[in-house]
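Here is the structure we will look at, set down as structure tokens.
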Protein chains: 2
Amino acid sequence: MSVDQAAKRDIPDATVARLPGYLRALGQLTAQDVLSVSSEELAYSAGVSSAKLRKDLSHLGSYGVRGVGYDVAHLTYQISRALGLTHDWPVIIVGMGNLGRALASYGGFATKGFKVVALLDRDPQLVGDRLDDLTIQPMDELADVVTPGEACIGVVATPAASAQDVADLLVTAGVSSILNFAATAIQVPEGVHMRKVDLSTELQILAFHEQQRSGAVSDELLEEIG
Amino acid sequence: MSVDQAAKRDIPDATVARLPGYLRALGQLTAQDVLSVSSEELAYSAGVSSAKLRKDLSHLGSYGVRGVGYDVAHLTYQISRALGLTHDWPVIIVGMGNLGRALASYGGFATKGFKVVALLDRDPQLVGDRLDDLTIQPMDELADVVTPGEACIGVVATPAASAQDVADLLVTAGVSSILNFAATAIQVPEGVHMRKVDLSTELQILAFHEQQRSGAVSDELLEEIG
DNA sequence: GCGACTTTGTGCATTTGTTCACAAGAGCGT
DNA sequence: ACGCTCTTGTGAACAAATGCACAAAGTCGC
Ligand SMILES: NC(=O)c1ccc[n+]([C@@H]2O[C@H](COP(=O)([O-])OP(=O)(O)OC[C@H]3O[C@@H](n4cnc5c(N)ncnc54)[C@H](O)[C@@H]3O)[C@@H](O)[C@H]2O)c1
Ligand SMILES: NC(=O)c1ccc[n+]([C@@H]2O[C@H](COP(=O)([O-])OP(=O)(O)OC[C@H]3O[C@@H](n4cnc5c(N)ncnc54)[C@H](O)[C@@H]3O)[C@@H](O)[C@H]2O)c1
């Protein structure tokens, strides 16, 4: 149990949020048969500063070689381990509309440490349809697809109006991590992790910055005028 | 020009990122014909603490009434104004695959201050197809759909391999805000705003916390054993 | 008008995250 | 073996964000 394990316990949230980005950049280097990389180069590929990258990695342990850089394969392994990606996590997607189907047919899961194990929808018209090698199941089979004791991630891709209900069902079934794509905030009990992905939020943040820019221009004009 | 405008200039990033959530919660209250709301209630709907909400709103100005709360309609207006949503922003989507089509047919844009004005793809098979009331255009019409001088938001929904090229084309055409859905980091010149939405990043962060949880359990066991 | 009550807005302490700058270490050529 | 060069890992300074606690400012009943 050692320092090494203890270190894992307090990786700052901001660091955890960036690790997937480093992992992705490392994947691209692996694909190009690059064996070793400096903090400067890796930071550039991941879109952060090198100081930040080094501080982040220092929370996982000391896996670089001074004067040389990081071994791509070894660092990939260490970050994967820190994130808990040494085995695949089962993922359940609820809501097989436009978005749900796009997510289900998205291949990027398997290579990233996840495996979609079930697709659910409440619409009887959709139940039974096949997508790749999974069949859409009705909501009352939710309890059967969640293995008690085994952690599992639930993805909510239903309309906003159903999102809270679906999240409640997932929690009741034993899911302890939820990723919400619906355009609404959902409440989860203590101990359940929830994250959200939201298109309109992101667009609105971009709009804010666009407006700042144009606002700054008008202000300059105003100042010139006096 | 005044304090009011000056206040707008330095809204902290963390606050800006939460404003869309407040706006959404307010929208739900409006739909329920609620006229006034306290910081406690609104904070709960948006999933934040009331202290945080009040501090956030205080950056926009002083729009609450002590002892009463906030007027839903007025606060909606003030947040919209702060975010720059008083007029619609044009949005261009590039990459009409599974995800691109789901995004294009997603109705949530219009009500949130955005309007999809063009859909582009490089695949000649897709060009000419209609989606709702837009026709998919080839990439070389990009310059025509970006009005010079008018700000516009570009959405990248192509595979990772093309994302950087597409972003470069968008920037060249004059787009100064980009939302990237591709599973890769893209570099943009100074002055261009870029945000990303990424499924696997979010799943990996959830995986980290799941693993922390199970790690904590084993540690307790180890400690008991001695 | 006035006092009781409610809820905002904010100063301050604390926590969290970022940046800087450099000593400590590793490889390499001689 | 030694000094030169390179890049890591990290302490310390700085900046941003959060949470606390309460005075200020409003409503409402009387
Ligand atoms: N489509 C997009 O690009 C997009 C983008 C951003 C956000 N979103 C959000 O994602 C969600 C889904 O979008 P969509 O376009 O796929 O919607 P959709 O209407 O096409 O699909 C929703 C699906 O959920 C199912 N569903 C509804 N209630 C359910 C319940 N209680 N239990 C199980 N299944 C239920 C419906 O049968 C339907 O198949 C929405 O909340 C939307 O705001 C979508
Ligand atoms: N589908 C999902 O649920 C999902 C989820 C998360 C992330 N993503 C990411 O979103 C991106 C798109 O996913 P998808 O499933 O829609 O892929 P897709 O392969 O179905 O569609 C990609 C589209 O982009 C077009 N395209 C390719 N190169 C182009 C170029 N240079 N210029 C213009 N158009 C080009 C293709 O013609 C195709 O129509 C991928 O990077 C994927 O990793 C997808």
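Letters go in sequence order (proteins before strands), and every chain restarts at 1.
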message = Does A:Glu40, at its CD atom, have more than 12 non-hydrogen atoms belonging to other residues, nucleotides or ligands within less than 6.0 Å?
response =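 No, not enclosed.
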
request  = Using whole Å, report how far CZ of A:Arg66 lies from C1' of C:dA26.
outcome  =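 Result: 9 Å.
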
task = To the nearest Å, give me how far apart CG (A:Leu57) and C1' (D:dT10) are.
result =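 The answer, rounded to whole Å, is 13 Å.
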
Below 4.0 angstrom from OP1 or OP2 of [N], is there any side-chain N or O of [X]?
{"X": "A:Arg18", "N": "C:dT18", "value": "yes"}
{"X": "B:Ser39", "N": "C:dT7", "value": "no"}
{"X": "A:Tyr70", "N": "C:dA26", "value": "no"}
{"X": "B:Ser38", "N": "C:dT7", "value": "no"}

message = By nearest heavy atom, map B:Ser58 and A:Asp56 onto DNA chain C; which one lands nearer the 5' end?
response = B:Ser58

inquiry  = Classify B:Ser49 by what it touches in the nucleic acid, base, sugar-phosphate, or nothing, heavy-atom distance under 4.0 Å.
reply    =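 If one applies the 4.0 Å heavy-atom cut-off, B:Ser49 turns out to touch the sugar-phosphate alone, with no base involved.
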
ask   = What's the spacing between A:Thr15 OG1 and A:Leu53 CG if we round to 0.5 Å?
value = 10.0 Å

key: Aromatic plane relationship, A:Tyr63 with A:His74 - under 30° parallel, 30 to 60° tilted, over 60° perpendicular   = perpendicular

C:dG9 base / B:Lys55 side chain donor-acceptor hit below 3.5 Å =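 It does not, because no donor-acceptor pair links the side chain of B:Lys55 to the base of C:dG9 below 3.5 Å.
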
